[in-house]
Undergrad: 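Please find one structure pasted underneath; my questions will follow.
The figures here come from the full heavy-atom set of this structure, side chains too, leaving out hydrogens, waters and symmetry mates. Atoms within a ligand are numbered from 1 in the order they appear, just like the ligands themselves.
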Amino acid sequence: MDMASHSIPEHSYDIVVQKFGGTSVGDLERIRKVATRIGRYVESGKKVAVTVSAMGRTTDRLISMAKEISSRPSRRELDVLMATGEQQSIALVTMMLHSLGIKAASFTGAQAGFLTNEQSGNARIVEVNPEKMLKAFEEIDVAVVAGFQGVDDEGNITTFGRGGSDTTAVAVAAALGASECEIYTDTEGVYTTDPHVVPSASKIDVIDYDEMLELASLGAKVLHPRAVWYGRRYGVKIHVRSSFSYSPGTIVTSLAEDKKMKTERPVTGVALDLNHSRINVVGVPDHPGVAADIFMALGHANISVDMIIQGVPGDASRQQMSFTVNKDQVEDALDAIKPVLDKLGGTAVADPKIAKLSVVGIAVGSTPGVAGQIFEAVSSVGANIEMIATSEVRVSVVIQDDKAKDALKAVHTAFNLDAVQ
Ligand code: ADP
Ligand code: ASP
Ligand code: MG
């Protein structure tokens with residue numbers, strides 16, 4: 001369980017917490033703009049705790065270099081490598097702030113007090129101790145914190161998973177007792193779906209943590225799911241907005257139940273996830289305990305499984321099942337279940353060419369006909385539905401990835417989510 005189990009020392013100043021994503025610090029000119037924006041808050045007498053991501057595509061580049069050496073590089077070393085991306089940014093942003101005459105200092109994850117568990121590449125925050133930052137605020141006005149990283153209790157560098165700088169920022173806000181965290185990105189806020197894929201998507205002004213958590217977990221990468229979880233847990237409002245304008249963005253907060261239910265549309269948003277692969281297991285015996293053996297093995301290997309279906313067996317004594325896992329865990333998953341398959345009989349193959357499309361909304365489960373409307377829209381672009389999962393607040397379907405974007409557009413339109421032109 002994540003926690004920030006320290007008491008917040010007394011201070012007499014207001015702290016603003018902001019996060020700038022990869023595009024926002026993509027080059028030195030953009031870093032200058034970010035520093036200028038931060039400077040405005042400093043001029044108004046505030047202290048600013050800034051989190052930054054790696055510049056542009058730096059993290060992708062670092063990962064592909066590692067993969068040139070090995071298809072499965074050591075996870076510990078990969079974390080050491082990836083963490084350097086954010087470390088470049090904190091130094092450059094801090095230097096830029098200095099050049100504008102602003103008193104600032106950089107903090108790596110460890111220096112900012114981020115203690116995590118030992119799960120390389122997907123570490124959970126155990127504690128944030130902001131003592132060093134608060135001490136520094138006696139002398140400086142801006143603390144620049146490296147996103148998506150901490151250290152475990154052995155001192156190993158860990159990272160929080162792709163997109164995890166959002167979580168750093170919200171955790172910093174919680175640790176400093178700030179009630180709001182601004183996430184600056186390359187869109188004007190959270191939209192009904194990815195506006196870079198569906199340009200007619202509508203901007204959402206206010207969204208509840210629960211719906212945002214679903215959208216984020218189902219692939220809307222505008223916010224890291226753990227950031228939303230942190231915001232809800234510690235009551236930190238998240239303001240997602242553009243780093244290229246001063247217009248208000250989207251507020252992620254806790255909406256009263258009655259307000260949530262009053263929404264005119266059952267669907268708040270549609271998310272597309274291209275980051276999962278399906279593993280098809282065929283020819284395993286059809287008797288009790290087989291699924292348990294397979295999924296226990298995956299659990300022991302720390303692999304989260306998303307959707308699961310068990311198929312109708314062709315031959316009465318044999319069974320088939322499919323499940324989806326994150327793309328970067330496919331090889332680990334195949335390794336984990338190999339001993340079970342060797343023992344029971346059966347084979348497993350991975351299919352990376354899948355996409356998961358999900359509609360999310362507080363009333364999705366209780367509104368009749370939502371599933372039918374989705375299936376109709378998906379079939380209108382010729383996509384075949386291969387897996388289905390539902391809950392109170394979402395319906396997800398797995399389809400082939402080459403039809404995914406067309407299906408996304410069709411579903412978005414079917415639920416009247418397109419912006420009024
Ligand atoms: P940053 O580097 O600022 O963290 P990300 O690339 O991680 O930015 O997240 C922003 C991107 O998320 C947008 O450019 C957009 O393409 C994508 N995105 C996906 N779903 C949504 C959504 N529902 N609303 C807004 N953006 C979305
Ligand atoms: N730089 C990391 C990534 O690209 C973390 C982040 O940007 O949030 O995933
Ligand atoms: Mg991001």
Undergrad: Can you pull the ring-ring contact (aromatic ring centres under 6.0 Å, His included) pairs that have at least one residue in residues 119-145, sequence neighbours excluded?
TA: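 Qualifying pairs, neighbours excluded: Y13-F137.
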
Undergrad: Are there any N/O pairs under 3.5 Å between ligand 1 and the protein, and if so, what are their distances?
TA:
unit_1, atom_1, unit_2, atom_2, d
ligand 1, 2 (O), G22, N, 3.0
ligand 1, 3 (O), T185, OG1, 2.7
ligand 1, 4 (O), K19, NZ, 2.9
ligand 1, 6 (O), K221, NZ, 3.2
ligand 1, 8 (O), T185, OG1, 3.2
ligand 1, 14 (O), D186, OD1, 2.7
ligand 1, 14 (O), D186, OD2, 3.3
ligand 1, 14 (O), H196, ND1, 3.0
ligand 1, 16 (O), D194, OD1, 2.7
ligand 1, 16 (O), D194, OD2, 3.1
ligand 1, 16 (O), H196, ND1, 2.8
ligand 1, 23 (N), Y191, O, 2.9
ligand 1, 24 (N), Y191, N, 2.9

Undergrad: Using 0.5 Å steps for rounding, measure from the CD atom of E43 to the CD1 atom of I102.
TA: 7.5 Å

Undergrad: Would you list the pairs meeting ring-ring contact (aromatic ring centres under 6.0 Å, His included) in which at least one residue belongs to residues 377-405, sequence neighbours left out?
TA: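 Pairs touching residues 377-405 that pass the test: none.
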
Undergrad: With hydrogens left out, which residues have an atom under 4.0 Å from ligand 2, given that only heavy atoms count?
TA: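 Lining ligand 2 at under 4.0 Å, by heavy atoms, one finds S53, A54, T59, E86, F148, R162, G163, G164, S165.
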
Undergrad: Cation-pi check for F148 against R162: NZ or CZ below 6.0 Å from the six-membered ring centre and within 45 degrees of the axis, yes or no?
TA: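 Negative - R162 is either too far from the ring of F148 or too far off its axis.
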
Undergrad: What about the rings of Y184 and F244, do their centers lie closer together than 6.0 Å?
TA: no

Undergrad: Under the 6.0 Å and 45° cation-pi test, does R40 pair with Y246?
TA: yes

Undergrad: Please determine, by modelled atom types, if H224 and T167 share a side-chain donor-acceptor pair under 3.5 angstrom.
TA: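 Side-chain D/A pair, H224 to T167: present.
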
Undergrad: Under 4.5 Å between any side-chain heavy atoms of Q400 and K353, yes or no?
TA: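 Side-chain contact under 4.5 Å: yes.
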
Undergrad: Can you tell which of L215, I251, L223 makes a side-chain contact (heavy atoms from CB on, under 4.5 Å) with I207?
TA: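 Single pass found, and it is L215.
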
